[in-house]
Amino acid sequence: MKQASKLIRQHILGLLSDGQFHSGEKIAQEINLSRTAVAGHISQLAEWGLDVFKVKGKGYRLSRPFGLLSADLIKRHIKDARLALVQVAPVLESTNSEIKSRITKKREDLADGDAVLTEIQTAGRGRHGRQWLAPVGGSLTFSMYWSFPDGYQSMAGLSLLVGVAICDALRQYGIEDAQVKWPNDIYLHGRKLAGVLIEVEGQIGATAHCVIGVGLNVCVPQDQYDVGQPHTDLTSVLQRSVDRNELAAVIIESLWHYLDEFSLHGFGKFVAYWESLDLYADKKVVLQMGEKRFSGIDRGVDPSGALLVETRDGIMRFHGGEVSLRGN
Ligand code: ATP
């Protein structure tokens with residue numbers, strides 16, 4: 001997408017985010033475009049999940065206002081003095097792709113903890129190329145860079161660790177009962193609240209460059225968005241509007257803290273905590289690996305982050321990768 005279109009859409013979003021009516025004519029004047037062009041940009045924003053409607057004679061309005069993401073505001077909420085970058089890009093295909101391209105193109109130096117957030121994610125992904133829906137203004141989507149100089153083996157359990165860090169951050173937000181679903185999701189009251197996507201770049205035996213992607217539902221009402229499975233969002237649960245900049249700061253700081261510890265000690269010291277948050281602890285589960293299915297009872301995880309499942313043949317260990325876990 002052209003940079004000019006990105007900036008125009010960001011500008012229109014900024015105008016509409018106050019939740020007031022804005023006439024097509026005024027928007028057109030302000031950005032020096034025709035009303036038809038403005039309508040085109042707004043319909044693209046709506047396709048990306050912006051909840052905007054039009055009333056004849058009044059103009060465009062959002063169903064609810066929201067505060068735009070701002071790197072300055074996020075940094076203001078962060079107490080940790082570390083020198084990591086926190087950036088907000090108006091429109092990205094996905095924040096993971098953005099950090100991955102920075103790693104591979106070596107366009108700039110990345111430091112552990114650098115984070116990129118975006119207001120509009122046009123091609124958000126889950127595992128196995130599945131789609132991640134992030135309605136504009138209603139989601140917190142960001143990715144963080146972290147490196148592991150000892151290579152792949154030193155990042156075992158990383159997606160679980162990230163789940164723990166997010167649940168801990170949510171606790172500070174008044175959400176005490178978020179849970180983790182092995183290996184990479186956050187649940188609230190049995191519904192999916194957030195997803196984590198970890199991607200790695202690097203050669204075997206060399207530094208593993210990790211991208212930790214997080215998509216969290218801030219205001220994604222169930223009756224408005226079908227994401228393909230039961231989901232929930234913070235606004236519905238807290239019954240109040242959520243300041244995404246403050247939330248981002250809390251989650252980013254929590255990730256920094258947990259990732260520092262993880263880099264030093266590995267996942268082992270977090271096993272008990274993870275198990276206390278496990279959605280399926282001691283419950284019957286089904287694991288899908290391609291065509292193969294295994295069922296058994298979820299008996300927690302080991303220090304490498306592998307899921308322990310009690311089957312008729314004893315305890316079996318499952319590593320992330322191709323495995324999908326479902327309740328039974
Ligand atoms: P797995 O157990 O294999 O991780 P998953 O269904 O949770 O399975 P992910 O790759 O983690 O898969 O996430 C992608 C899936 O999440 C999508 O296929 C869709 O069903 C669901 N999804 C997409 N957007 C959202 C969202 N905003 N909130 C909750 N769930 C979503």
Side-chain angles (χ1 to χ4, degrees), residues 47-51 66 92-97 117-143 157-163 166-167 170 175 178-200 211-237 242 244 247 251 274 277-280 283-296 298 301 305-307 309 318-328:
E47 233 166 80
W48 287 329
L50 185 72
D51 192 12
F66 64 85
L92 290 177
E93 244 177 50
S94 88
T95 53
N96 263 33
S97 304
L117 300 89
T118 192
E119 201 65 78
I120 301 170
Q121 183 160 261
T122 60
R125 293 173 283 118
R127 300 202 307 153
H128 316 298
R130 294 182 198 122
Q131 200 193 355
W132 184 263
L133 189 99
V136 180
S139 314
L140 187 63
T141 42
F142 74 93
S143 297
L158 178 61
S159 68
L160 285 71
L161 183 276
V162 170
I166 294 173
C167 286
L170 289 171
I175 303 269
Q179 290 181 295
V180 287
K181 192 196 95 175
W182 186 90
N184 64 327
D185 293 322
I186 315 293
Y187 273 64
L188 192 55
H189 309 154
R191 290 168 166 270
K192 190 154 156 183
L193 174 73
V196 173
L197 179 66
I198 308 249
E199 297 183 279
V200 195
V211 186
I212 299 162
V214 178
L216 189 145
N217 298 329
V218 174
C219 185
V220 188
Q222 288 163 31
D223 54 357
Q224 249 172 59
Y225 298 96
D226 179 5
V227 305
Q229 55 178 291
H231 75 281
T232 188
D233 64 300
L234 288 185
T235 309
S236 317
V237 173
V242 168
R244 288 184 304 155
L247 178 69
I251 296 181
W274 190 92
L277 301 171
D278 183 6
L279 174 69
Y280 292 136
K283 296 209 172 89
K284 266 186 126 181
V285 288
V286 175
L287 288 106
Q288 187 86 38
M289 294 172 74
E291 296 295 292
K292 287 193 197 145
R293 276 162 78 92
F294 295 87
S295 54
D298 174 338
V301 291
L307 185 71
V309 179
F318 292 89
H319 291 273
E322 296 304 302
V323 190
S324 285
L325 178 69
R326 296 287 178 267
N328 188 8

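Computed from heavy atoms alone, side chains included, the values below leave out hydrogens, waters and symmetry copies. Predicted model, so just to flag it, every value in this text is computed and none were measured. Atoms within a ligand are numbered from 1 in the order they appear, just like the ligands themselves.
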Could you list the residues that satisfy side-chain hydrogen bond (donor to acceptor under 3.5 Å, both in side chains) with R191, not counting sequence neighbours?
->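 Testing R191 for side-chain hydrogen bond (donor to acceptor under 3.5 Å, both in side chains), a comparison that skips the adjacent residues, returns Q222.
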Give a yes or no answer on whether the side chain of [X] reaches the backbone of [Y] with a donor-acceptor pair at less than 3.5 Å.
X	Y	answer
D226	G228	yes
H231	V220	yes
R127	L197	no

Quick one: side-chain contact (heavy atoms from CB on, under 4.5 Å) partners of Q229, sequence neighbours excluded?
->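 Only Y187, K192 meet the side-chain contact (heavy atoms from CB on, under 4.5 Å) criterion with Q229.
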With R125 via salt bridge (Lys or Arg N to Asp or Glu O under 4.0 Å) - residues at least two apart |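 For R125, the residues satisfying salt bridge (Lys or Arg N to Asp or Glu O under 4.0 Å) (neighbours in sequence not counted) are E199.
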Hey, what polar pairs (N/O, under 3.5 Å) does ligand 1 make with protein?
unit_1   : atom_1 : unit_2 : atom_2 : d
ligand 1 : 2 (O)  : K181   : NZ     : 2.9
ligand 1 : 2 (O)  : R326   : NH1    : 3.1
ligand 1 : 3 (O)  : R127   : NH2    : 2.9
ligand 1 : 3 (O)  : R130   : NH1    : 3.1
ligand 1 : 3 (O)  : S324   : OG     : 2.5
ligand 1 : 4 (O)  : R127   : NE     : 3.1
ligand 1 : 4 (O)  : N184   : OD1    : 3.2
ligand 1 : 6 (O)  : Q229   : NE2    : 2.9
ligand 1 : 6 (O)  : R326   : NH2    : 3.4
ligand 1 : 7 (O)  : D185   : OD2    : 2.8
ligand 1 : 7 (O)  : K192   : NZ     : 2.6
ligand 1 : 8 (O)  : R130   : NH1    : 3.1
ligand 1 : 8 (O)  : R326   : NH2    : 3.4
ligand 1 : 10 (O) : R127   : N      : 2.5
ligand 1 : 10 (O) : R130   : NH1    : 3.2
ligand 1 : 11 (O) : N184   : ND2    : 3.4
ligand 1 : 11 (O) : D185   : OD1    : 3.4
ligand 1 : 12 (O) : R130   : NH1    : 2.7
ligand 1 : 13 (O) : K192   : NZ     : 3.2
ligand 1 : 16 (O) : K192   : NZ     : 2.9
ligand 1 : 16 (O) : Q229   : NE2    : 3.4
ligand 1 : 20 (O) : V227   : O      : 3.3
ligand 1 : 20 (O) : Q229   : NE2    : 3.0
ligand 1 : 24 (N) : L133   : N      : 2.9
ligand 1 : 27 (N) : L133   : O      : 2.7
ligand 1 : 27 (N) : N217   : OD1    : 2.9
ligand 1 : 28 (N) : N217   : ND2    : 2.9

